[in-house]
Amino acid sequence: MVKIKIDGVEYEVDEKKNLIDATKEVGVEIPYFCYHPALSIVGMCRMCLIEIEGVPRLQAACNTPVKEGMGIITKSDRVKEARAGTMEFLLANHPLDCPVCDKAGECRLQDNAFGSGSGHSRFEFEKRNIPQEEIGTNLIINHNRCIVCYRCVRFEEEKVGESNLGLFERGNHSIIGLAKSEPIDHNYQGALADICPVGALLNNKTLFKSRVWWYKSHKSVCHGCSTGCNVTTNVRDNKMYRYMVRENFEQGMFFLCDKGRFDLDWMNENRLFSYLENGKNSTSQVVISKIIDRLKEAKSIVVLGGAHESNETLETLKQNLSSLSQALGGKSIQWETRVTDAQNKETEQVDFLLTKDNHPNTKGAIDLGLTTPSGITGIVSAVKQGSVDLVILIKESIPEGIDSNKVICFDTNLTEAAKNASLSAPIQIFCEREGSFTNKNGLKQNYEKSMNPIQGLLTSAGVVEQILNTMAKKMEASVGNR
């Protein structure tokens, strides 16, 4: 930590951080466009100009290192005039289409125009008009809105490892465009739209779906793989509309892949809200009673899955299954959460964020000891041989080789597993209550409740608890009838 003066007031800041980030920590905001904490510094936008004591010219804060005893001025007349001039140039060709722009409400250009702009433009000529283009399988570019901050080009080159975008022409004719003939098709088109500080890059999947001020936002963790990227959920009318990046400086989390970002439809559609018997709608009373009968008849029981559940749900479920085992006279109940090859191996990366393990809480389940020595292969063999005759499946597909008649399924959606299993029970999505996931590195991260479950919908642990309560009532009733 070092001491510096900001507008005459002394602060203690982190010398390892960029001047923009260091001042932000103490409550002093320096406006910017092109700077990003996870990308190289280019100083292209000239929005973050400041005065440094002893230096005659204005300097860009983004490429100025923090030093002991330095003094900076962020609100002088010179600084304000420079920023207003920058804004005037940036807005010269920018269309006034905020009412129809998806970025409105979270646009850095809007924020800086209000905070540092002059409020009027002296530009009297016709604004340039370049047609909008589709440059990716899920990405469009509005050249008229682009301020040439170069963030998208740097992100692709430095993080994705591709060079699909480039800067073409000069001066007033400068545009960001495709450097190749093929459209962009990588896993980070959403991230390109995300890091664009204006509405130049947008995703077709979210275009015109909702205004940002209609969302209710909550802190959450991405469910797409074992990386556990930090996200902000955007919910409207109890439906999940968007995942947006929630920057985590300490863990170096600044981006989100498309697989996690756009895998949201299952939260809103095709939900399982009814108990099923052989794929047909039934009631909880009937299905729970039949589950109890199956549990009592079974010689050995195994639970498969659970790595999509929170740590808290897994802990409660583990306790409830232990109580269930005792209620069944000490009958063996094994639990194996590792149902895919990726879960049984060391973490394998698909790209710089996405892993091959598409479960958000494999590490948390392993830490709780929810594994078997034989693994999924041994369990499938045991089921085939008949030594295990009942499988409880938690939000997974029925493994190949297991007879669906031996399966009881707990699921959030009307999946093939839920339809084919002999009995199925609906359960809550992870985001319908607060909890935590443990990512691939063993980092336990909490998330908030984002959506409200329908009345009466239980967690997987709640279903087992209901089974226990029903068994206890039946036992009391049988004792009372003697």
Side-chain angles (χ1 to χ4, degrees), residues 221 223 275 284 287-339 343 359-376 379 388-396 407-412 421 423-439 442-449 453 456-476:
V221 177
H223 66 276
Y275 286 78
S284 60
V287 172
I288 292 296
S289 294
K290 292 195 174 184
I291 289 176
I292 292 171
D293 293 339
R294 294 286 299 278
L295 290 168
K296 289 178 177 178
E297 293 167 3
K299 293 180 292 184
S300 183
I301 304 163
V302 67
V303 178
L304 291 179
H308 289 290
E309 303 279 31
S310 69
N311 288 309
E312 292 71 21
T313 297
L314 292 178
E315 287 175 9
T316 306
L317 186 54
K318 183 180 179 181
Q319 294 169 4
N320 290 348
L321 287 171
S322 177
S323 300
L324 182 62
S325 175
Q326 293 175 9
L328 293 170
K331 192 173 292 184
S332 170
I333 300 180
Q334 301 179 75
W335 190 348
E336 178 57 77
T337 52
R338 300 168 300 175
V339 297
Q343 289 178 285
H359 298 77
N361 203 25
T362 297
K363 188 69 170 63
I366 292 172
D367 289 345
L368 282 169
L370 310 181
T371 58
T372 60
S374 60
I376 185 68
I379 287 169
V388 172
D389 52 0
L390 186 61
V391 176
I392 298 175
L393 202 64
I394 304 176
K395 196 169 169 53
E396 296 288 353
V407 176
I408 295 171
C409 181
F410 296 171
D411 214 324
T412 59
L423 298 165
S424 297
I427 58 173
Q428 293 178 9
I429 295 174
F430 76 95
C431 63
E432 289 178 330
R433 65 184 302 157
E434 61 183 18
S436 67
F437 289 145
T438 304
N439 78 349
L443 177 66
K444 189 175 181 179
Q445 302 182 109
N446 296 321
Y447 59 81
E448 297 174 345
K449 178 181 176 180
L457 188 65
L458 305 172
T459 63
S460 53
V463 173
V464 176
E465 187 175 346
Q466 188 176 18
I467 291 168
L468 284 166
N469 293 337
T470 305
M471 289 175 68
K473 287 179 182 178
K474 284 187 175 182
M475 190 174 293
E476 287 173 6

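Side chains included, hydrogens not; waters and symmetry mates left out as well; all remaining heavy atoms used. The first residue in the sequence is number 1, and the count goes up from there.
Looking at every heavy atom in both residues, E396 comes nearest to L393 through O-CD2, 3.1 Å. The two residues G306 and L314 come nearest to each other via the heavy atoms O-CD2, 3.3 Å. Here the closest heavy-atom approach between residue P360 and residue A307 is recorded as CD-O, 3.4 Å. Residues L390 and A298 share a closest heavy-atom pair of CB-CB, 3.8 Å. Nearest heavy-atom pair, S424 versus V287, reported as atom, atom and distance to 0.1 Å: O-CG1, 4.0 Å. Closest of all the heavy-atom pairs between P453 and Q428 is CG-NE2, 3.8 Å.
Remark: the backbone N or O of K296 is paired with a side-chain donor or acceptor of K331 at under 3.5 angstrom. At distances below 3.5 Å, not a single donor-acceptor pair connects side-chain atoms of E434 with backbone N or O atoms of N446. Using modelled atom types, no side-chain atom of T372 and backbone atom of E336 make a donor-acceptor pair closer than 3.5 Å.
Side chains of I427 and T412 form a contact here, defined as non-hydrogen atoms less than 4.5 Å apart. Considering only heavy atoms from C-beta on, L370 stays 4.5 Å or farther from V303 through its side chain. Using a 4.5 Å heavy-atom cutoff, the side chains of L458 and F410 are not in contact. Put simply, the side chain of W335 reaches to within 4.5 Å of the side chain of T337, judged on heavy atoms. I366 is not listed as a side-chain neighbour of Q343, based on a closest heavy-atom distance of 4.5 Å or more.
The distance from the CD1 atom of I394 to the CG atom of L317 is 5.0 Å, given to the nearest 0.5 Å. To the nearest 0.5 Å, atom CG of residue L324 and atom CD1 of residue I467 are 6.5 Å apart. I301 CD1 to I408 CD1: the interatomic distance, rounded to the nearest 0.5 Å, is 8.0 Å. Rounding to the nearest 0.5 angstrom, the gap separating the CD1 atom in I288 from the CE atom in M471 is 11.5 Å. Taking CG from L304 and CD from Q334, the interatomic distance works out to 9.5 Å, rounded to the nearest 0.5 Å.
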Intermediate values then yes/no, side chain to side chain contact (heavy atoms under 4.5 Å, CB included), I376 and R338: CA-CA 7 Å; I376 185 68; R338 300 168 300 175; over 6 Å; no
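Applying the salt bridge (charged side-chain N to carboxylate O under 4.0 Å, His left out) criterion to E432, with sequence neighbours excluded, gives R271.
Ring geometry for F430 against H223 counts as tilted: the plane angle lies between 30° and 60°, on a 0 to 90° scale.
Screening residues 297-311 for side-chain hydrogen bond (donor to acceptor under 3.5 Å, both in side chains), with sequence neighbours left out, gives E309-S460, S310-T313, N311-N361, N311-S436, N311-T438. For the side-chain hydrogen bond (donor to acceptor under 3.5 Å, both in side chains) condition, no pair includes a residue of residues 317-326, sequence neighbours left out.
Within a 6.0 Å radius of NZ in K290, no more than 12 heavy atoms belonging to other residues, nucleotides or ligands are found.
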